[in-house]
Amino acid sequence: MEFDAFFKCMNKSFKRSFLDAAAWEGRFIAEGYKSALVKNVKSQKHKEGGKGFDEWKPLNRAYAARKEKLGVDNRTLIATGKYLEEISVRLPRVDGEKVTYIVEPSKKAVAGQKTSDFTYGQLSVVLERGSVSRSIPPRPHWGPTGAEFANRYSEFAEKLQRRFIKDFDGKIKDCLSR
């Protein structure tokens, strides 16, 4: 094999191995983040605040009574569970050498709202940051879960590196055998 052909093969293999490893590990990380977010909300993990995030204020009495009367879940951020169900992981596209997964609430309208243009994405912002006009205190859950995951970047980088090296090693052998 000529050097030019070998290096073209290596360049192509390097990019493909990186994108494949990033796509695989990126999906794994994104699904883990979504799972942790849902678990944290269900367990009310961030209710006490901490790590720079506000403590969740208790539900006001009128809303707690309304939840009880309706027979829905009395935990904070959970009534029907629909909000958590509407969180998804998607890969919008791969740009050249960049793979980005997004964990986000649905763009669908929130069920049972008076207005049909209030989406789960907008609801997530209101729940995370609060709304003075709606008398809703902040209930940070995306940020604290993200902070937990930020502490695991080196673990994720090592997994990505191992997957990349294993895949690239096989592709190098293919390039050499041509």
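- The neighbour count for N151 CG, taken as heavy atoms of other residues, nucleotides or ligands under 6.0 Å away, is above 12.
- Residues F18 and I165 share a single hydrophobic cluster, defined by chaining ILVMFWY side chains whose heavy atoms lie under 4.5 Å apart.
- Heavy-atom contacts from other residues, nucleotides or ligands closer than 6.0 Å to CZ of R129 number 12 or fewer.
- Side-chain N or O atoms of K45 include none that pairs as donor or acceptor with a backbone N or O of P144 at under 3.5 Å.
- Taking the six-membered ring for Trp and the full ring otherwise, the centers of F164 and F14 sit less than 6.0 Å from each other.
- Between the E31 side chain and the V89 main chain, no donor and acceptor come within less than 3.5 Å of each other.
- Side chain of S124 to backbone of G121: a donor-acceptor contact under 3.5 angstrom is found.
- Of the possible polar contacts, one joining the W56 side chain to the P140 backbone as a donor-acceptor pair under 3.5 Å is found.
- Among the candidates R163, R152, K166, the single residue satisfying the salt bridge (Lys or Arg N to Asp or Glu O under 4.0 Å) test with E25 is R163.
- Of the charged side-chain nitrogens involved, none lies within less than 4.0 Å of a carboxylate oxygen, so that E128 and R139 do not count as a salt-bridged pair.
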ring-ring contact (aromatic ring centres under 6.0 Å, His included) between H141 and F53, intermediate numbers included:
CA-CA 9 Å; H141 51 292; F53 295 95; over 10 Å; no
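- Residue R162 places its CZ atom among more than 12 non-hydrogen atoms of other residues, nucleotides or ligands, all under 6.0 Å distant.
- Looking at R75, its side chain does come within 3.5 Å of a backbone N or O of K42 through a donor-acceptor pair.
- Applying the ring pair (Phe, Tyr, Trp, His ring centres under 6.0 Å) test between Y33 and each of F149, F156, F28 identifies F149 as the sole match.
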